[in-house]
2 protein chains.
Amino acid sequence: MSDNLSVLGKARKAYQPKLPVALREGALNVKLNKGKATESVRDQKKIKALFPNTYGAPYVSFKAGKAAGNAKPINVGVVLSGGQAPGGHNVIAGLFDGIKSIHKNSKLFGFLGGPSGLENGKFIIIDGKVMDAYRNTGGFDIIQSGRTKLETEEQWQKCLKVANEQKLDAIVIIGGDDSNTNAAVLGEYFQSQNAKCVVCGCPKTIDGDLKNEYIETSFGFDTAVKTYSELIGNIMRDANSAQKYWHFIKLMGRSASHIALEAALQTHPNITLISEEVKAKKMKLKQVIKYVADIVAARAADGKNFGVALIPEGLLEFIPDVGVLISELSEALAHHEAEVEGLDTAAKVEKLSQWVSKSSAEVLNSLPAFVQAQLMLERDSHGNVQVSLIETEKLIIEMVKKELKSRKSFKGKFSALNHFFGYEGRCAAPSNFDADYCYSLGYTAAVLANNKMNGYMSSVRDLTKGADKWVAGGIPITMMMNMERRHGEDKPVIQKALVELDAAPFKFLAKNREVWAKTESYSYPGPIQYWGPSEVADQMTYTIRLERGAKIK
Amino acid sequence: MSDNLSVLGKARKAYQPKLPVALREGALNVKLNKGKATESVRDQKKIKALFPNTYGAPYVSFKAGKAAGNAKPINVGVVLSGGQAPGGHNVIAGLFDGIKSIHKNSKLFGFLGGPSGLENGKFIIIDGKVMDAYRNTGGFDIIQSGRTKLETEEQWQKCLKVANEQKLDAIVIIGGDDSNTNAAVLGEYFQSQNAKCVVCGCPKTIDGDLKNEYIETSFGFDTAVKTYSELIGNIMRDANSAQKYWHFIKLMGRSASHIALEAALQTHPNITLISEEVKAKKMKLKQVIKYVADIVAARAADGKNFGVALIPEGLLEFIPDVGVLISELSEALAHHEAEVEGLDTAAKVEKLSQWVSKSSAEVLNSLPAFVQAQLMLERDSHGNVQVSLIETEKLIIEMVKKELKSRKSFKGKFSALNHFFGYEGRCAAPSNFDADYCYSLGYTAAVLANNKMNGYMSSVRDLTKGADKWVAGGIPITMMMNMERRHGEDKPVIQKALVELDAAPFKFLAKNREVWAKTESYSYPGPIQYWGPSEVADQMTYTIRLERGAKIK
């Protein structure tokens with residue numbers, strides 16, 4: 001912990017994150033401008049019915065201004081929910097400094113191990129000494145995270161009991177789309193019980209899929225993708241130096257392909273698969289393989305038996321015929337479990353091929369044996385085949401190898417290595433951008449808490465303009481919601497932001513990828529720099545710059 | 001290439017690497033102090049007989065001094081040999097600037113694709129424009145590398161022909177122990193033919209095993225291990241945040257465990273395996289597994305079902321009973337190939353168990369099925385089982401899992417993830433240290449070339465004292481040699497520097513590892529910094545600091 005801070009960690013402790021101008025007089029001296037009542041993005045009636053107390057609240061933005069009343073200490077609880085993302089500690093630091101700026105006796109409760117810590121009243125008091133040990137560091141280790149979902153009334157009651165016992169004025173849940181949905185649900189419940197405590201959220205996820213007009217990016221995306229891009233760039237340089245391997249690199253990000261897309265914009269790989277495009281074009285697995293094999297073959301024809309390909313983690317689930325196979329397979333295995341038990345993989349495949357549709361049987365038989373085995377071994381608690389466990393990068397390598405072997409025209413070599421990057425970036429120390437953005441989100445949450453803005457998410461906007469011009473405020477979480485089918489039930493959830501094929505980031509890839517495929521237009525971003533020239537140390541992602549209208553050659 | 005330099009790449013182009021004082025007046029204005037005649041580290045008679053022309057040359061060190069004669073342009077060829085290492089481009093930049101400081105008409109020939117480029121006379125002329133695009137960058141892409149070994153007289157003749165045709169004064173081979181051995185052999189041959197051209201070497205390898213009194217470290221080790229340590233630190237922070245996974249991380253470095261050891265000193269993992277220790281203690285595979293399982297179990301007893309373990313790539317080859325198994329298996333497969341053909345893995349194992357010793361049969365049967373399959377599938381061109389292809393990190397996870405399952409006392413959980421880091425660091429842009437060191441090595445080579453120091457390796461010493469006090473010079477390659485058995489023949493080779501169990505770096509690990517095992521003493525070094533406080537940006541490895549007597553707590 002603090003005792004073992006590296007030299008970099010020690011030097012970074014001194015970094016003072018930047019705040020939007022509106023917050024520079026402290027969290028008390030902030031005026032709230034309220035906009036018009038809001039509506040959810042879809043299914044307005046249903047969402048309104050589910051959130052009678054909190055639906056329709058206005059967007060608010062902050063301005064610096066003299067405090068109206070007297071300063072009173074507030075008690076705030078904070079929860080880290082779900083997967084780690086760089087900058088979580090800085091959200092807490094911003095929240096800490098924010099509530100301390102309101103009154104020095106304000107208290108920050110850190111609930112341990114995620115939402116279950118809130119439910120069970122397990123917490124520590126985060127004081128100045130604890131807080132200082134974690135400023136500008138990566139990880140969620142200050143209070144750890146967890147994946148418990150607060151979904152039942154029994155859980156909400158327990159949370160309320162804890163909030164009442166500790167006299168909490170607010171709970172801030174730092175999480176992704178699901179965790180913020182739960183924050184809204186909990187806030188609605190608290191208000192229905194006339195609780196004093198409000199619930200706010202902060203937009204976290206390296207996946208980049210919690211994003212809309214008011215949330216320009218989720219925190220952690222910047223740092224995580226820069227870390228992956230450093231590694232991809234290093235591997236590219238290796239590929240271009242050795243000129244004998246293809247590297248297939250899978251990148252974390254379950255649903256959306258934002259990470260793969262941003263990493264591609266930073267590094268210019270020969271191949272980038274984007275799940276959303278595969279789905280939109282209804283590409284079959286064999287078409288995906290053909291696309292990859294064609295580029296490998298074209299490079300080989302130029303004497304280039306090397307290259308780099310990026311693969312989003314969630315790809316398989318976006319390939320229509322794989323999706324059909326998965327559901328048919330789950331069904332077939334459920335009905336015929338006994339008949340296949342004890343058989344080896346080949347025999348199982350033969351049996352199962354009879355019980356699925358002809359096209360699914362084709363897909364199943366086209367898969368490498370290790371994938372077939374994985375598909376039939378691993379099933380989740382609902383009995384479903386678990387596609388997420390499949391090593392997609394190896395699957396693609398094997399199938400491309402087979403495809404190339406079948407082509408008489410292919411005279412090249414195809415030696416491929418696989419990599420998977422995810423854990424390497426989730427807990428990196430936040431980049432300057434994430435350090436500032438997270439701190440500002442946390443400070444914003446202190447203002448929302450102090451103003452009893454129940455069911456709001458911290459929003460810091462105009463991010464590409466520099467912290468001086470950042471606009472801080474809050475957005476009602478219900479505004480981001482729609483109804484979605486989850487485990488056989490319609491649920492209100494925050495709409496996931498997938499890669500938009502008609503938006504600037506994807507178009508940038510689409511415009512350049514043919515050249516990148518054939519050439520070695522590789523760019524090597526190198527490691528995140530915390531010091532040095534501003535264009536290096538404060539560089540923002542291509543995604544946000546392009547989305548905000550920047551012209552990039 | 002240069003067109004696509006990242007913002008970091010562009011900013012780094014401006015970095016001017018530091019040189020030892022002796023070289024700051026240019027490569028011409030250097031005086032050579034010659035020491036006494038040298039001897040090889042072992043097998044002096046045999047080495048002398050093999051190198052009658054170059055054996056016994058003195059160590060030389062440089063001092064700045066007015067040039068004796070007139071400046072004449074020199075022609076130098078440069079070759080990158082073997083695996084990539086950060087800083088290779090800077091060696092070439094130092095060499096380029098060095099020979100240009102002698103005379104502006106000096107010419108640098110870059111042989112393409114490694115030693116085969118020299119043999120076949122394939123080269124480019126590296127001019128100022130080409131050179132400038134690669135200063136302070138990672139990779140070997142300026143002229144690519146290759147693994148051809150120059151071992152036959154026919155090859156040496158071809159090289160000499162090329163050297164004569166291009167009127168080369170010197171060839172500088174940048175490589176590891178084998179490549180520098182070949183440099184010495186080629187230099188000896190050239191001299192035996194009264195060639196004008198001399199051959200020099202530069203000590204490259206991320207593995208850190210080319211090291212002795214005069215070569216304090218090989219270049220690239222610093223940058224590569226820092227890159228791996230960044231990732232290990234990030235994963236540790238993730239492990240300590242999620243508190244539910246064990247991460248088993250294999251690190252590149254075929255023979256020696258210097259990389260794993262240095263990474264451990266930088267990050268403080270719960271478990272570090274050091275091949276040299278396993279060998280010295282004659283640990284059997286099951287003892288290695290027990291050692292790991294004991295730490296996992298002890299942490300689980302403290303409620304900690306998570307941790308981080310580092311594994312050197314070459315581990316299996318250092319475990320005595322695995323070594324015996326491999327050789328017996330190679331033998332058995334050679335004799336009984338037909339009898340096992342077509343059998344599945346289990347049946348093969350049963351058959352083969354009869355044809356190997358009882359203890360080897362035990363080891364074989366203790367291995368996970370996927371390792372057994374790998375062992376019997378992959379054999380090299382000599383028919384030997386290829387232990388290097390085995391995924392050691394997965395093997396250990398599987399065997400530890402089994403071991404824990406067999407222990408009634410174990411009540412914890414063991415969910416393990418595996419990683420392998422190698423390609424991620426070999427082509428990273430050089431750290432400030434490697435940028436300076438490599439540039440100095442290259443510049444030193446220019447002085448050696450200009451002074452016709454045949455069979456010498458660039459040596460830059462006193463590295464922990466800062467570039468101002470670095471001592472540049474040359475060391476006869478024969479001095480580092482001994483005779484070793486290679487493919488059934490006695491060959492003169494540079495002695496590999498393995499991890500010494502009685503030296504300070506290993507002792508530092510040994511002293512601390514029990515505490516590190518039980519606690520989360522993790523240190524998170526973060527990404528390499530090129531700017532910022534000197535203690536961050538110019539930090540050297542623990543290995544070299546400890547070896548040079550630094551006291552580190």
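Chain A is the first sequence line, chain B the second, and so forth, proteins listed ahead of strands; every chain is numbered from 1.
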Pairs of heavy atoms under 4.5 Å with chain B: top-ranked of [options]:
options	result
A:Gly138, A:Gly526, A:Gly425	A:Gly138
A:Ala242, A:Gly88, A:Ala429	A:Ala242
A:Leu417, A:Ile143, A:Asn234	A:Asn234

Could you check if a side-chain atom of [X] sits within less than 4.5 angstrom of a side-chain atom of [Y], using non-hydrogen atoms only?
X	Y	answer
A:Leu8	B:Pro527	yes
A:Leu231	B:Leu231	yes
A:Glu535	B:Lys10	no
A:Arg237	B:Thr137	yes

Trace of the side chain to side chain contact (heavy atoms under 4.5 Å, CB included) decision for A:His419 with B:Phe420: CA-CA 8 Å; A:His419 311 262; B:Phe420 170 43; over 6 Å; no
Between CH2 on residue B:Trp531 and OH on residue A:Tyr530, distance to nearest 0.5 Å: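 It is 14.0 Å, given to the nearest 0.5 Å.
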Using only atom types and a distance under 3.5 Å, with no angle test, would you say the side chain of [X] pairs donor to acceptor with the backbone of [Y]?
X	Y	value
A:Ser6	B:Tyr524	yes
B:Asp141	A:Ser241	no
A:Gln144	B:Asn240	yes

Top contributor to chain A interface from B:Ala428, B:Gly233, B:Ser145, B:Pro86 [non-hydrogen pairs under 4.5 Å]: B:Ala428
Return the minimal non-hydrogen interatomic distance between [X] and [Y], and the atom names on each side.
X	Y	value
B:Gln529	A:Ile528	NE2-O, 2.8 Å
B:Tyr423	A:Ile235	O-CG1, 3.9 Å
A:Leu5	B:Ser523	C-OG, 4.4 Å

Side chain to side chain contact (heavy atoms under 4.5 Å, CB included) evaluation trace for B:Glu230 with A:Thr227: CA-CA 10 Å; B:Glu230 172 199 356; A:Thr227 303; 4.0 Å; yes
Residue part contacting chain B, namely of A:Arg12, when any heavy atom lies under 4.5 Å: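 It is neither, since no heavy atom gets under 4.5 Å.
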Pair B:Gln84-A:Asp238, side-chain hydrogen bond (donor to acceptor under 3.5 Å, both in side chains): steps then yes or no: CA-CA 7 Å; B:Gln84 282 77 251; A:Asp238 204 287; 3.0 Å; yes
